[in-house]
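First the structure, in the form of structure tokens, and then the observations on it.
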Amino acid sequence: MAALPTEIIAEILSQLPVKSLLRFRCVCKSWYFLIKTPNFVKIHLDQTIISNSDRHLLLYYPRLDSAELDQNLVCFSEVLHPLEPQAVHLFGSCNGIICIADLHKTDIFLFNPLTKSHYNLPLNQILNLKVGYMLFGFGYDSKNDDYKILRLVQGFTKEKVFYSEAQMYSLNNNSWKSVQGISSYLLFSDCHGVLVNEALHFLANSEELGLTGEYIASFDLQTESFSLMDCSKFVHKIGNYLMILLAQLGGCLCALVNNNTNFILEGADLWVMKEYENKESWVRLYSIGQECIQSRVQIKPIVYSVDGKRVLLQIDSLKFGWYDLESENVEMFTPQGLPDGSLETESFLGSLVSLEDKHHSDKETSPRQNKGNLLLILTIDM
């Protein structure tokens, strides 16, 4: 290996998972410094995204556990994180970085679960103490090479007047600022933004511009502004009750429509927006009947398999299954090391992105955007 040019060594190492690279830093000084360079970090991240490799599952709330997804045997283990030992909230994942917060959503960290690199955000000094609920979103702005966090506060005053405020945190500036809010009512206080195409997506109820009913509110991380998308194509009367989950699969915005009667799940349809922001491009990818999933509450998509032929589903919190898009069957499996409690699931990819280096450097080469998988729930009484 010593006789090989540095470029060839970097190309070989860029194919490896993060855990291997962390061990290989001890091989020699040249490898140590190579693996830490911003250029190698970018090359490795791009390669991981393209190859759809080094993927991990993350269970959160009340604690944080992870497992390698590419292994035949999925085994969870607890992740040590910088928050105090209490319930962990997850706001999103991007480029191998996750955004987590404490129970009160005031102590917020950006955290790389594999390298343990982390950064504690400053207290939001422009926090408005009105009574309401908070929604968050986390993503990457490639134009400005910046990681950003959106914070929304919505509620009603004592006079029953609706209010909505928005703030944005920039890692480049290490500060919060007020940004354009949205007059639409974003539903559910525990449903954070879904990252697709460098925008955060929420389900909303709006009467703006003559619009009525349920829409997808999109917050562009570059322009730092909201817009509305029509989702009427899949919001239609199927049963007495619908539960809709927004997600990201294969770089596309998705909506899983759980069909319920008297709050009992009867089946689910997965809709995919093939062309971003084109409401006519929504197509139904598959329908799953109750006989396949044997669920009483809900199912939600997590991630595609490496070959793109299967979708990993979380079923009623602690059950998992691979849905085969060709055979239309679900292969159930039980991961090892599942912790007790009601859990939510996220996926993230392994990366070497260092938050300390990112924060203290002026500019690094911009990585590709990773694909987040956070889900958002909307219930509709029919």
Side-chain angles (χ1 to χ4, degrees), residues 45 48-60 69 90-99 135-142 147-150 186 188 190-204 215-222 227 229 231 233-234 243-258 268-279 281-286 298-306 308-314 322-323 325 344-351 367-378:
L45 177 59
T48 302
I49 294 174
I50 292 171
S51 63
N52 195 25
S53 60
D54 200 11
R55 302 175 308 156
H56 302 258
L57 291 179
L58 198 67
L59 296 178
Y60 62 97
L69 182 58
L90 178 67
F91 298 152
S93 68
C94 179
N95 293 336
I97 304 298
I98 64 174
C99 183
L135 292 174
F136 289 82
F138 168 60
Y140 177 69
D141 170 4
S142 62
Y147 289 91
K148 296 180 177 180
I149 297 173
L150 175 68
L186 304 182
F188 295 95
D190 59 346
C191 299
H192 305 294
V194 176
L195 177 64
V196 176
N197 203 42
E198 297 192 14
L200 300 168
H201 300 82
F202 306 83
L203 283 166
Y215 289 80
I216 297 174
S218 172
F219 183 83
D220 190 303
L221 290 170
Q222 292 187 11
S227 61
M229 296 182 184
C231 61
K233 190 168 184 177
F234 56 83
M243 182 177 292
I244 299 177
L245 311 171
L246 288 186
Q248 182 282 141
L249 286 174
C252 296
L253 184 63
C254 301
L256 187 74
V257 182
N258 290 273
D269 300 325
L270 181 67
W271 291 81
V272 179
M273 180 181 272
K274 292 292 188 178
E275 182 182 343
Y276 187 69
E277 292 187 322
N278 181 359
K279 68 177 184 179
S281 70
W282 284 103
V283 297
R284 186 164 57 185
L285 185 64
Y286 63 74
Q298 69 176 23
I299 65 174
K300 55 186 180 183
I302 307 300
V303 67
Y304 277 121
S305 60
V306 174
K309 296 181 178 180
R310 298 184 299 167
V311 177
L312 179 63
L313 304 175
Q314 184 181 21
W322 284 104
Y323 178 80
L325 296 174
E344 297 292 335
T345 304
E346 170 74 72
S347 71
F348 72 97
L349 58 80
S351 86
R368 297 170 182 260
Q369 178 188 343
N370 182 31
K371 302 154 186 171
N373 292 296
L374 256 173
L375 300 163
L376 187 61
I377 301 175
L378 166 64

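Keep in mind that this is a model prediction, so the values were computed, not measured.
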With rounding to the nearest 0.5 angstrom, report the CE to NE2 distance, Met229 to His201.
4.0 Å
Out of curiosity, Leu313 CG to Lys300 NZ, how far, rounded to the nearest 0.5 Å?
11.5 Å
Sorted by chain and residue number, the ring-ring contact (aromatic ring centres under 6.0 Å, His included) partners of Phe138 (sequence neighbours excluded) come out as none
Interatomic distance, Cys94 atom SG to Leu200 atom CG [nearest 0.5 angstrom]:
9.5 Å
Whether the side chain of Glu198 engages the backbone of Ser142 through a donor-acceptor N/O pair (distance < 3.5 Å, no angle test) should be reported.
yes
When you measure from the side chain of Ser93 to the backbone N and O of Ser347, does any donor-acceptor pair fall under 3.5 Å?
yes
State, yes or no, whether a side-chain contact exists between Leu349 and Asp54 at a heavy-atom distance under 4.5 Å.
no
Val196 versus Leu246: any side-chain heavy-atom pair under 4.5 Å?
no
Could you grab the distance from atom CG of Leu256 to atom OH of Tyr286, nearest 0.5 Å is fine?
5.5 Å
Let me confirm one number: the OH-OG distance from Tyr276 to Ser218, rounded to the nearest 0.5 Å.
3.5 Å
Tell me if a side-chain donor or acceptor on Gln248 pairs with a main-chain N or O of Gly250 at a distance below 3.5 Å.
yes
Which atom names give the shortest non-hydrogen contact between Gly308 and Leu325, and what distance separates them?
O-CD1, 3.7 Å
With a 4.5 Å cut-off on side-chain heavy atoms, are Val272 and Leu249 touching?
no
Applying side-chain contact (heavy atoms from CB on, under 4.5 Å) to Phe348 and Leu90, what does each step give before you reach the verdict?
CA-CA 12 Å; Phe348 72 97; Leu90 178 67; over 6 Å; no
Check whether any side-chain heavy atom of Cys99 sits under 4.5 Å from a side-chain heavy atom of Ile149, and report yes or no.
yes
Evaluate the side-chain hydrogen bond (donor to acceptor under 3.5 Å, both in side chains) criterion for residues Asn95 and Tyr147: first the C-alpha distance (whole Å), next the side-chain angles of each, then the deciding distance (0.1 Å), finally the verdict.
CA-CA 10 Å; Asn95 293 336; Tyr147 289 91; 3.1 Å; yes
So Ile302 and Leu69, do their side chains get closer than 4.5 Å, heavy atoms only?
no
Validation row: Leu195, Leu221 side chains within 4.5 angstrom (heavy atoms)
yes
Show your reasoning for whether side-chain contact (heavy atoms from CB on, under 4.5 Å) applies to Ser281 and Met273.
CA-CA 5 Å; Ser281 70; Met273 180 181 272; 3.5 Å; yes
The reported gap from CG in Asp141 to NZ in Lys148 (rounded to nearest 0.5 angstrom) is 4.0 Å
Between Arg284 and Trp271, which heavy-atom pair has the shortest distance, and what is it?
N-CE3, 3.6 Å
Side-chain touch Asp220/Ser227, heavy atoms, less than 4.5 angstrom
no
Show your working on side-chain contact (heavy atoms from CB on, under 4.5 Å) between Ser351 and Thr48 and close with a plain yes or no.
CA-CA 8 Å; Ser351 86; Thr48 302; over 6 Å; no
Do Thr345 and Leu58 make a side-chain contact, defined as non-hydrogen atoms from C-beta onward lying under 4.5 Å apart?
no
